[in-house]
Amino acid sequence: MTARGWYLLGAPWDCSGLSRGEQLAPAALRAAGLSDLVPDDAGDAPIVIDDDRRDEATGVRALAQTGRAARVLADWLDDAAGRRPGRRPLVLGGDCSLLLGVLPWLRRDRGRVGLWFVDGHPDFLDGHSSPTGETADMDLALLTGSGPERLTAPAGVTAPLVAPADVVLVGHRTCDLDPEAAAEVARLPDSIRRLDARTVVDAPRRCGERVAALLADVDGGVWLHVDCDVLDPAVMPAVSYPEPGGPTPGQLADLLEPLFASPLLLGVSIADFRPDLDADGTHAATLVALLRPLLSDDGHFP
């Protein structure tokens, strides 16, 4: 069974500049079975981030290269979509910074878009509060207009790339946080609607239905982003920053099913899988098994 309405596009993005593993994920997920499920493949965007220095003024690591990578990915998506009318992209990261290319692409011909942001963290630090300066610590803040203009309004797109009120944050941890993590949650604007990990675990399908309904009025459509660290590390340890208290793959699939079924869905990105921490391919296979029924034309997660 193949997913005829989708195409793959790789975004081998590692914002650390250290080639630590996220950039290997597109190839690993294809090899684990995604290429069989989604045979239409637009290839990998030629993203290069190999500068691990922090900008003195902003504190952001690889600032100039990140801005260029955002434009490269937006252009690659533009070209791929133009050749595949009516199909949705499944973007394989890479880390969550890939959204800095996805959202500008969407905004090129849409005035308003929404974002379902499924992540174990809020990603709402800035260049100075982040211990590393990595844009994966602050991508949601940048997308909603907080940060250096080079990243909040790339390639002439007006900031914010997505309005805070058009974002739903899902799966972030809010229990037993250390002071730094609690401070990051406190930075979130009230207008960003949220369902934390405990809420998801208690009733995943109901949460998915609620999340879908929250952005039902966004006429330009909604992008779905899934950071693999939303999963509990007992079942998905192959991520950069694991956090306990997350859902199982089955619970995550129940959450995602109403979002994949939404007529507003523009596309999906998968981020932060680390094949270098998955020597035998077990965790890549888990992700492909999770995605298979969601992507299939008549599939239903059992």
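This is a predicted model, so every value here is computed, not measured.
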Practice item. Report yes or no: do Leu140 and Leu177 belong to one cluster of Ile/Leu/Val/Met/Phe/Trp/Tyr joined by side chain heavy-atom distances under 4.5 Å? Key: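 Yes, because Leu140 and Leu177 connect within a single hydrophobic cluster, where side-chain heavy atoms sit under 4.5 Å apart.
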Would you mind reporting whether [Y] and [X] have side-chain heavy atoms less than 4.5 Å apart?
X	Y	result
Leu103	Val157	no
Val222	Val113	no
Leu255	Trp116	no

Do [X] and [Y] have a side chain donor and acceptor closer than 3.5 Å?
X	Y	answer
Asp126	Ser129	yes
Asp272	Ser240	yes
Ser16	Arg61	no
Asp229	His121	yes
Asp232	Thr248	no

Check your understanding: Should the ring pair Trp223 and Trp105 be called parallel, tilted or perpendicular, given that the plane angle runs from 0 to 90° and is split at 30 and 60?
Key ->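 Taking Trp105 first and then Trp223, their aromatic rings stand perpendicular (interplane angle over 60°).
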Check your understanding: Where is the tightest heavy-atom contact between Asp119 and Cys96, given as atom of each residue plus distance?
Key ->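 Nearest pair, atom of Asp119 first, then Cys96: OD2-SG, 3.5 Å.
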**Study point:** Residue pair Thr135 / Cys15: nearest heavy atoms and the distance that separates them
**Key:** OG1-CB, 3.3 Å
Hey, is the main chain of [Y] close enough, under 3.5 Å, to the side chain of [X] for a donor-acceptor pair?
X	Y	answer
Arg68	Ile47	no
Arg173	Ala197	no
Arg274	Arg20	yes

